[in-house]
A.B. asks: 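Sharing a structure below in structure tokens format, with a few things to ask.
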Amino acid sequence: MNFQIFADYETLSRHTARHIADLLNRKPDALICAASGDTPVGTYRALVQLVKNGETSVDRCTFVGLDEWVGLGPESEGSCANYLQRELFGPLNIQPGQYRLFDAKADDLEAECEDMTRFVDERGGFDLILVGVGLNGHIALNEPGTPFTLKAHVSELAETTITVGQKYFSTPTPLTLGVTTGLQQLMDAREAILIASGSKKAPVIKTALEGPVTEDFPASIMQTHPNGYVWVDQDAAGE
Ligand SMILES: N[C@@H]1[C@@H](O)[C@H](O)[C@@H](COP(=O)(O)O)O[C@@H]1O
């Protein structure tokens with residue numbers, strides 16, 4: 001695993017965007033799993049800049065949304081779909097045929113997860129998965145205690161996730177379940193990048209990197225990824 005500390009959020013974001021651009025230049029039809037959340041905003045903005053400058057192209061790649069709140073769709077401001085459209089697909093002019101998002105309003109969520117897993121498997125797995133980390137150590141919506149061996153699945157949200165998740169919504173929103181990419185898919189991805197920023201994430205990063213590798217702290221799985229990168233800013237490296 002590669003651990004690097006960057007001076008600030010801007011530098012971290014530019015470095016991560018550059019890494020994605022390098023992958024796209026090597027493999028223009030790459031399959032990329034993209035997180036939502038506050039952390040990757042800077043990375044996506046930097047990537048948009050690189051594309052605008054002609055340093056890379058997203059014309060042939062495919063994106064998969066990392067996770068979604070069950071019951072919410074793109075019309076909901078706090079949904080992952082809305083976020084990815086706003087921060088990534090819109091600014092990059094990504095066409096509808098170039099991405100697959102969880103349908104978290106599907107009647108049969110298990111079938112939706114199986115379908116998502118099939119979509120990824122049929123394309124040979126992820127070339128790159130970009131994730132953030134929750135305050136309880138979750139990756140995507142893989143909460144503490146989730147087996148490392150799961151692919152896409154329905155997850156019962158932890159209390160912290162429900163509380164912290166309110167920051168994405170302007171009015172209180174009931175959240176109970178999620179649909180999420182599984183940690184087996186993160187392990188199977190040819191590259192996995194976890195980014196974190198800010199002092200709130202410092203204890204999380206310490207436990208993820210120095211604690212035992214355990215399903216009780218999902219982010220610890222990064223220690224075992226053969227091409228895993230944990231990139232943080234100074235504040236997130238504080239502990
Ligand atoms: N489900 C999302 C994760 O995919 C995200 O990476 C994490 C951190 O979010 P943020 O970057 O806003 O701190 O928590 C959320 O609950």
Side-chain angles (χ1 to χ4, degrees), residues 6 8-10 12-13 16-17 32-47 63-73 76-88 101-102 104 113 116 126 128-146 150 152-170 172-183 185-186 189 192-205 207-208 217-222 228-233 235-238:
F6 297 89
D8 51 34
Y9 178 68
E10 264 310 303
L12 163 69
S13 301
T16 310
I32 299 175
C33 186
S36 44
D38 291 335
T39 316
V41 168
T43 297
Y44 296 151
R45 292 192 180 158
L47 181 62
F63 287 100
V64 165
L66 179 72
D67 51 15
E68 187 58 278
W69 310 108
V70 164
L72 301 188
S76 166
E77 42 143 9
S79 69
C80 302
N82 186 292
Y83 169 101
L84 287 172
Q85 191 59 49
R86 199 172 63 233
E87 299 293 341
L88 197 60
L101 303 176
F102 279 105
C113 289
M116 182 58 116
F126 295 124
L128 173 71
I129 180 168
L130 174 67
V131 300
V133 63
L135 293 178
N136 62 353
H138 77 206
I139 287 185
L141 291 171
N142 294 275
E143 301 287 16
T146 306
L150 292 190
H153 63 278
V154 180
S155 113
E156 199 165 314
L157 302 177
E159 268 318 310
T160 337
T161 306
I162 294 169
T163 311
V164 177
Q166 298 302 321
K167 69 176 173 166
Y168 307 120
F169 301 88
S170 53
T173 305
L175 303 169
T176 44
L177 298 173
V179 273
T180 182
T181 302
L183 294 173
Q185 293 171 298
L186 175 132
I193 304 177
L194 183 151
I195 51 174
S197 158
S199 54
K200 275 203 302 239
K201 297 283 171 77
V204 182
I205 292 302
T207 310
F217 203 80
S220 65
I221 198 173
M222 290 301 294
Y229 304 91
V230 176
W231 292 338
V232 307
D233 63 11
D235 291 343

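Ligands are counted one by one from 1 in listed order, and the atoms in each one are counted from 1 as well.
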A.B. asks: Nearest non-hydrogen atom to atom 6 (O) of ligand 1 belongs to which of Gly132, Gly65, Gly165, Pro40?
C.D. replies: Gly132
A.B. asks: With a cut-off of 4.0 Å, which atoms of ligand 1 are near a heavy atom of Leu66?
C.D. replies: 4 (O)
A.B. asks: What atoms in ligand 1 come closer than 4.0 Å to a heavy atom of Leu141?
C.D. replies: 1 (N)
A.B. asks: Looking at Cys80, is its backbone amide N or carbonyl O close enough to the side chain of Glu68 to form a donor-acceptor pair, meaning the two atoms are under 3.5 Å apart?
C.D. replies: yes
A.B. asks: Give a yes or no on whether the backbone of Ser79 and the side-chain of Asn82 come within a donor-acceptor separation of less than 3.5 Å.
C.D. replies: no
A.B. asks: Would you say Gln166's side chain and Thr163's backbone share a donor-acceptor pair under 3.5 angstrom?
C.D. replies: no
A.B. asks: Counting N and O atoms only, with roles assigned by atom type, does the side chain of Asp67 sit under 3.5 Å from a partner on the main chain of Ala35, one being a donor and the other an acceptor?
C.D. replies: no
A.B. asks: Does Asn142 reach the main-chain N or O of Thr181 with its side chain, forming a donor-acceptor pair under 3.5 Å?
C.D. replies: yes
A.B. asks: State the atoms of ligand 1, each with its element, that fall below the 4.0 Å cut-off from a heavy-atom position in Val133.
C.D. replies: 6 (O), 8 (C)
A.B. asks: Using a heavy-atom cut-off of under 4.0 Å, does the side chain or the backbone of Ala140 touch ligand 1, or both, or neither?
C.D. replies: backbone
A.B. asks: Out of all atoms in ligand 1, which are within 4.0 Å of some heavy atom of Lys201? Include the element for each.
C.D. replies: 10 (P), 13 (O)
A.B. asks: Is there a donor-acceptor pair under 3.5 Å between the side chain of Thr146 and the backbone N or O of Glu143?
C.D. replies: yes
A.B. asks: What protein heavy atom sits nearest atom 2 (C) of ligand 1, and how far away is it?
C.D. replies: Asp67 OD2, 3.9 Å
A.B. asks: Enumerate the atoms of ligand 1 whose separation from the nearest heavy atom of Gly37 is less than 4.0 angstrom.
C.D. replies: 11 (O), 12 (O)
A.B. asks: N/O to N/O below 3.5 Å, does that happen between Thr39 and ligand 1?
C.D. replies: yes
A.B. asks: May I ask you to list the atoms of ligand 1 that are less than 4.0 angstrom from any heavy atom of Tyr168?
C.D. replies: 9 (O), 10 (P), 12 (O), 14 (O), 15 (C)
A.B. asks: Quick check against the 3.5 Å criterion: does Glu77 have a side-chain atom that pairs as donor or acceptor with the backbone of Ser170?
C.D. replies: yes
A.B. asks: List every atom of ligand 1 that sits less than 4.0 Å from any heavy atom of Lys167, numbering the atoms from 1 in the order shown and giving each element.
C.D. replies: 10 (P), 12 (O), 13 (O)
A.B. asks: Please check if the side chain of Tyr83 supplies one atom and the backbone of Gly37 the other of a donor-acceptor pair under 3.5 Å.
C.D. replies: yes
A.B. asks: Could you find the nearest protein heavy atom to atom 14 (O) of ligand 1 and give me its residue, atom name and distance?
C.D. replies: His138 NE2, 3.1 Å
A.B. asks: Can any side-chain N or O of Ser197 pair as donor or acceptor with the backbone N or O of Thr39 at less than 3.5 Å?
C.D. replies: no
A.B. asks: Quick one: nearest non-hydrogen protein atom to atom 5 (C) of ligand 1, plus distance?
C.D. replies: Ser36 O, 4.2 Å
